[in-house]
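Supplied in structure tokens, the structure appears directly below.
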Amino acid sequence: MKYWLMKSEPATYSVDDLAKRRKPDIWEGCRNYTVRNFFRDIMKAGDLAFFYHSSCPEPGIVGVMRIVGDAYPDPTQFDPKSPYHDPKSPRDNPRWLARDVELVAKYPRVVTLSELRATAGLEGMEVLKRGQRLSVLPVTEAEWQAVARLVG
DNA sequence: GCCAACGTTGGC
DNA sequence: GCCAACGTTGGC
């Protein structure tokens, strides 16, 4: 099993939006080939992922999700009304993939970006690297455990 | 295949 | 709103 960190702007889709579903929901709109390849080749059903809020007053990790099922074509790429519409994506060979996720736990508090930066053992964490902009990032088991200890 | 221009991300 | 970083596009 692998570990991940998945970013979302809470104004667009927050951990509370996922919590309200009370069932798996689609993680859609990823438009980056590295992320597409993660979804296609590396991420597996049962993997765990941190839910990370970005571009907001308190960026940080807000909960844990589990990956459900397999990757499948992201329907928003074919929807002209969607902000994620990609008119160049061929119907018979879709460019972009989505995953389904279910909420495992919403944390009782935000584990903030500044707290992550200050935590021993997280020095190499991808999300802390300067210039790192991928919305889905791998997390090592040691990093996963270190973050879990922060929330008890 | 190169690479400059452009667009996006995301913390601050 | 700024801007550094870096992915994508497209002319050549």
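In the text below, chain A, chain B and the rest are named by the order of the sequence lines, each starting its count at 1.
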- Is there a side-chain polar atom (N or O) of K7(A) under 4.0 Å from OP1 or OP2 of dT9(B)? no

- Task: Identify, between R95(A) and Q132(A), the residue whose nearest nucleotide on DNA chain C lies closer to the 5' end.
- Result: Q132(A)

- Message: Taking R95(A) first and then D86(A), would you say they form a salt bridge - that is, a charged N and a carboxylate O separated by under 4.0 Å?
- Response: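 Salt bridge between R95(A) and D86(A), a charged N being under 4.0 Å from a carboxylate O: yes.
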
- Query: Within the structure, does a side-chain N or O atom of Y33(A) lie under 4.0 Å from either OP1 or OP2 of dC6(C)?
  - Reply: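 No, no such contact exists.
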
- Just by distance, with hydrogens left out, do W27(A) and D100(A) show a side-chain donor and acceptor under 3.5 Å apart? no

- Message: Just the rounded figure in Å: distance from P of dG11(B) to CG of L128(A).
- Response: 11 Å

- Item | Distance in angstrom units between Y52(A) OH and dT9(B) C1', rounded | 11 Å

- Item | Length of the CZ-P vector between R31(A) and dT8(C), whole Å | 13 Å

- Query: Under the ring-ring contact (aromatic ring centres under 6.0 Å, His included) rule, what pairs show up with a residue in residues 99-133 of chain A, not counting sequence neighbours?
  - Reply: none

- Query: Taking OP1 and OP2 of dG11(B), is either one under 4.0 Å from a side-chain nitrogen or oxygen of K129(A)?
  - Reply: no

- Query: Which whole-number value in Å describes the distance from E126(A) CD to dT9(B) P?
  - Reply: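 E126(A) atom CD is separated from dT9(B) atom P by 19 Å.
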
- Pairs meeting criterion salt bridge (charged side-chain N to carboxylate O under 4.0 Å, His left out) with involvement of residues 109-128 of chain A, two or more places apart: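 Every salt bridge (charged side-chain N to carboxylate O under 4.0 Å, His left out) pair that includes a residue of residues 109-128 of chain A, provided the two are not neighbours, is R109(A)-E115(A), E126(A)-K129(A).
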
